[in-house]
Visitor: 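I have a structure here, written as structure tokens, and I will follow up with some questions on it.
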Amino acid sequence: MPSAQDLADSAAGYLVAVPPVADGVCDLCHGAPNPGYRRCFSCAETSGQVAHPVATVVPISLYQIGGQLHHVLRGYKDSPDYAVRAQFSLIVAALLTRFLWRHGKCLAAAAGESWDLVTTVPSSRDRTLPHPLDRAIQLSTWLRSQSRPVLAKGAGDVRHNQADEGGYVVTQEVRGRQILLLDDTYTTGASLQSAASALAAAGARVVGAVPVGRVINPEFNAQAKSLWGRATAFPFDFERCCVCADG
Ligand SMILES: [Zn+2]
Ligand SMILES: [Zn+2]
């Protein structure tokens with residue numbers, strides 16, 4: 001059985017470094033804003049639609065639809081082949097473990113506080129419990145020891161670019177807890193912001209969020225193309241994250 005480090009290393013070839021916030025990098029998701037804006041359109045929309053949006057989002061990698069990370073982030077949930085789901089779940093768990101172990105302190109410093117509970121954003125489709133990301137977390141002893149599912153889908157309508165206060169319900173007492181939110185993918189922030197706001201409304205502090213992948217479409221516009229070009233100019237490095245103090 002390969003170690004988490006080996007599994008994460010095996011993925012490094014298709015991971016893409018997430019750039020630190022700068023001109024041409026969204027100040028929330030680290031995607032590509034339109035010219036003259038600090039925040040991308042989707043983040044501006046979804047963070048503005050809830051009362052308590054999360055302010056610190058630290059994706060592990062950028063990815064393109066159709067690329068290998070996309071394949072992993074879809075397949076760990078949806079592959080009809082059990083062996084593929086199992087293998088990809090191990091990769092997802094290894095990436096989160098390695099990244100949080102190495103960069104958890106960066107994230108806490110960027111957010112201004114640390115967390116005492118890790119939880120996941122339930123996937124948008126109805127699924128049998130536990131959710132795929134919770135199952136993946138169970139594969140990591142270290143992550144499992146600090147994690148607990150505390151969210152379920154609510155009646156609210158969460159869609160592309162549309163966050164909703166009622167999108168999630170909190171299923172356990174979280175008052176006073178400091179929470180790190182994990183998700184497999186960040187597209188518009190609709191699910192993440194809905195989940196974050198539900199937790200805050202229940203009395204928790206949401207310290208930050210770590211999506212495994214932030215999707216980028218380089219063909220969408222010149223800004224996205226430029227961001228992708230800059231990000232892929234260097235190999236991915238597990239020693240760096242988008243909020244490391246030395247950038
Ligand atoms: Zn953004
Ligand atoms: Zn870091």
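Sequence positions, counted from 1, serve as the residue numbers for this chain. We count ligands from 1, going down the list as the structure has it; atoms in each ligand are counted the same way.
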Visitor: Going by the angle between their ring planes, with limits at 30° and 60°, are Trp101 and Trp142 parallel, tilted or perpendicular?
Guide: perpendicular

Visitor: Name of the His103 N, O or S atom nearest the Zn ion (ligand 2)?
Guide: ND1

Visitor: Are side-chain N/O atoms of Thr188 and His160 paired as donor and acceptor at under 3.5 Å?
Guide: no

Visitor: Can you give the angle Cys29 SG - the Zn ion (ligand 1) - Cys26 SG, rounded to 10°?
Guide: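 For SG of Cys29 and SG of Cys26, the angle centred on the Zn ion (ligand 1) reads 110°.
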
Visitor: Within Cys40, is some N, O or S atom less than 2.8 Å away from the Zn ion (ligand 1)?
Guide: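 So Cys40 does bind the Zn ion (ligand 1) by this criterion.
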
Visitor: For Trp115 and Ile179, which heavy atoms make the closest approach, and how far apart are they?
Guide: CB-C, 4.1 Å

Visitor: Determine yes or no for a side-chain-to-main-chain donor-acceptor pair under 3.5 angstrom, with Tyr14 supplying the side chain and Gly67 the backbone.
Guide: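 Checking the backbone N and O of Gly67 against the side chain of Tyr14, no donor-acceptor pair under 3.5 Å is found.
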
Visitor: State, to the nearest 10 degrees, the angle whose vertex is the Zn ion (ligand 2) and whose arms point to SG of Cys241 and SG of Cys244.
Guide: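 SG of Cys241, the Zn ion (ligand 2) and SG of Cys244 span an angle of about 110°.
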
Visitor: Taking both backbone and side-chain atoms into account, decide whether Cys106 has an N/O/S atom under 2.8 Å from the Zn ion (ligand 2).
Guide: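 Yes.
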
Visitor: Where does the angle between the aromatic ring planes of Phe236 and Phe238 fall among parallel (under 30°), tilted (30 to 60°) and perpendicular (over 60°)?
Guide: perpendicular

